[in-house]
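First up is the structure itself, then whatever we jot down about it.
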Amino acid sequence: MDILDLFQKGGPAMWPLAVLSILALSVILERLWFWLRILNQEKETVNRVLDAAQENWDIAADIAKQATDQPIGRFLYAPLRLLKVDLETFRLALEASAEDELAGMRRGEKLLEAVIALSPLLGLLGTVLGLIQSLRSIRIGDLGTESTAGVTTGIGESLISTATGLIVAIVSLVFYRLFQSFLVNQVKIFRKAGNELELLYRQSPPEFSKSTSIVPEASRETVNPPRKKSKNLFPQPPEEPNVTDSLDSE
């Protein structure tokens with residue numbers, strides 16, 4: 001049976017199902033291209049940046065900058081591009097960059113969720129409308145006669161929309177779960193790469209971090225401001241005269 005013929009027999013619900021299938025297909029193709037590019041180059045980028053960070057932080061920053069077309073490159077370059085950074089700022093830059101990149105990887109998920117939820121319902125709606133149209137022409141006196149022979153054909157054709165909706169929802173769900181597994185894997189890779197980069201920073205921080213104004217608590221010298229001389233508001237009492245000396249003089 002021709003696809004166009006099936007589309008026409010499916011009823012009016014086939015039009016919104018066709019729109020949903022086109023949207024889902026566009027998201028699936030775009031996300032597949034996105035994930036294929038990431039998975040092929042991600043591991044190499046992480047290894048190059050971490051290996052360079054062991055020797056020279058400037059080279060590591062240049063390598064990460066060249067890979068900013070990838071999420072992992074932007075993630076690693078976020079703390080390395082800062083001119084002055086301490087350990088807390090280094091960690092905050094990694095966390096903020098990871099949140100932004102992971103949010104970008106979730107693009108298209110809401111559309112696939114909508115397609116998965118709406119497609120079976122639209123298919124069921126098309127079937128119900130087809131059944132109403134088929135059963136409307138049946139009369140009680142015509143049961144068992146040749147006039148009701150086309151009713152079964154109409155019922156079978158009305159189920160086309162339900163089958164189409166289920167197919168669209170199943171295909172969308174398969175790719176939705178696949179993209180979810182890729183995202184979970186990315187969370188693990190980002191966490192591992194960020195921890196290793198932070199560990200290298202703790203072991204051998206870059207030179208520009210030593211020139212920051214942040215000084216460890218142990219090496220700080222406590223400087224007390226000079227105290228102002230307090231004025232004595234009450235003058236000292238006069239010395240008491242020596243009584244014995246005055247008596248001897250008399």
Side-chain angles (χ1 to χ4, degrees), residues 22-116 171-214 216:
I22 292 173
L23 293 176
L25 183 62
S26 62
V27 172
I28 289 171
L29 293 177
E30 189 272 335
R31 289 289 91 185
L32 283 176
W33 174 248
F34 173 79
W35 286 112
L36 285 175
R37 289 188 298 110
I38 288 179
L39 299 178
N40 289 334
Q41 304 175 2
E42 187 176 45
K43 187 176 181 181
E44 181 182 357
T45 302
V46 173
N47 293 333
R48 290 179 59 194
V49 172
L50 294 179
D51 292 340
Q54 297 177 2
E55 303 295 335
N56 192 328
W57 285 96
D58 294 332
I59 299 177
D62 293 337
I63 295 174
K65 185 177 181 180
Q66 295 174 1
T68 50
D69 57 335
Q70 304 174 17
I72 192 65
R74 293 189 293 268
F75 168 69
L76 296 175
Y77 184 63
L80 299 178
R81 64 185 175 87
L82 301 177
L83 296 178
K84 294 183 179 180
V85 61
D86 55 7
L87 183 58
E88 187 66 23
T89 307
F90 192 90
R91 185 182 301 169
L92 289 176
L94 285 174
E95 293 177 355
S97 178
E99 291 179 0
D100 293 339
E101 297 301 330
L102 292 176
M105 292 178 185
R106 293 188 178 96
R107 187 174 59 185
E109 285 188 358
K110 297 299 181 181
L111 182 58
L112 288 180
E113 290 176 357
V115 172
I116 294 170
V171 173
S172 300
L173 181 60
V174 169
F175 283 99
Y176 175 78
R177 291 301 183 186
L178 179 63
F179 298 150
Q180 285 288 316
S181 64
F182 288 160
L183 181 62
V184 172
N185 189 32
Q186 286 298 304
V187 172
K188 296 178 181 179
I189 293 175
F190 274 44
R191 185 177 301 169
K192 182 180 179 181
N195 291 337
E196 291 181 358
L197 191 65
E198 183 179 350
L199 182 60
L200 291 175
Y201 181 89
R202 289 175 179 268
Q203 293 177 350
S204 59
E207 295 296 331
F208 56 78
S209 66
K210 297 179 182 178
S211 61
T212 55
S213 59
I214 299 177

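The structure presented is a predicted model; accordingly, all values stated were derived computationally and were not measured. Just so you know, these numbers use all the heavy atoms, side chains as well, and skip hydrogens, waters and symmetry mates.
Atoms CZ and CG, on Phe34 and Leu29 in that order, are 15.0 Å from each other to the nearest 0.5 Å. How far CG of Leu82 is from OH of Tyr77: 9.0 Å, rounded to the nearest 0.5 Å. For the atom pair Arg48 CZ and Ile59 CD1, the distance stands at 11.0 Å (nearest 0.5 Å). Separating the CG atom in Leu80 from the NZ atom in Lys65 is a distance of 12.0 Å, to the nearest 0.5 Å. Atom CG in Leu102 sits 8.5 Å away from atom CZ in Phe75 (nearest 0.5 Å). Of the inter-residue distances, the one linking Lys43 atom NZ with Ile72 atom CD1 reads 13.0 Å to the nearest 0.5 angstrom.
A pairwise comparison of heavy atoms in Ala78 and Ser97 identifies CB-CB, 3.6 Å as the closest pair. Annotation for Val115 and Ala24: closest pair CG1-CB, 4.0 Å, computed over non-hydrogen atoms. Heavy atoms only, all atoms of each residue included: Ser172 and Ile116 are closest at CB-CG1, 3.7 Å.
In this view, Glu95 satisfies the side chain to side chain donor-acceptor pair (under 3.5 Å) rule with no residue, not counting sequence neighbours. Among residues two or more places apart in sequence or in another chain, the side chain to side chain donor-acceptor pair (under 3.5 Å) test is passed with Ser26 by none. For Arg31, there are no side chain to side chain donor-acceptor pair (under 3.5 Å) partners two or more places apart in sequence or in a different chain. Considering only residues two or more places apart in sequence or on other chains, Gln41 meets the side chain to side chain donor-acceptor pair (under 3.5 Å) condition with Gln70.
Using a 4.5 Å heavy-atom threshold, the side chains of Leu50 and Gln54 count as separate. With a 4.5 Å cut-off on side-chain heavy atoms, Glu198 and Arg91 count as touching. Between Phe175 and Val27 the shortest side-chain heavy-atom distance does not fall below 4.5 Å.
Pairs engaging residues 93-116 under the ring pair (Phe, Tyr, Trp, His ring centres under 6.0 Å) rule: none recorded [sequence neighbours left out].
Side chain of Trp57 to main chain of Ser204: a donor-acceptor pair is present (N/O by atom type, distance under 3.5 Å, no hydrogens or angles).
Within a 6.0 Å sphere centred on CZ of Arg191, heavy atoms belonging to other residues, nucleotides or ligands number 12 at most. In the displayed structure, Glu113 atom CD is contacted under 6.0 Å by more than 12 heavy atoms of other residues, nucleotides or ligands.
Defined by atom type and a distance below 3.5 Å, a donor-acceptor pair is present between the side-chain atoms of Asp86 and Thr89.
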- Query: Does the side chain to side chain contact (heavy atoms under 4.5 Å, CB included) test come out yes or no for Ile28 and Leu112, once each step is laid out?
  - Reply: CA-CA 9 Å; Ile28 289 171; Leu112 288 180; 4.3 Å; yes
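Among the candidates Val49, Asp58, Thr45, the single residue satisfying the side-chain contact (heavy atoms from CB on, under 4.5 Å) test with Ile63 is Val49.
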Distance-only criterion, 3.5 Å: show the donor-acceptor pairs between side-chain atoms of residues 177-187 and protein atoms not counting sequence neighbours.
{"unit_1": "Gln180", "atom_1": "NE2", "unit_2": "Glu109", "atom_2": "OE1", "d": "3.2"}
{"unit_1": "Gln180", "atom_1": "NE2", "unit_2": "Glu109", "atom_2": "OE2", "d": "2.7"}
{"unit_1": "Ser181", "atom_1": "OG", "unit_2": "Leu178", "atom_2": "O", "d": "2.5"}
{"unit_1": "Gln186", "atom_1": "NE2", "unit_2": "Glu42", "atom_2": "OE1", "d": "2.9"}
{"unit_1": "Gln186", "atom_1": "NE2", "unit_2": "Glu42", "atom_2": "OE2", "d": "3.2"}

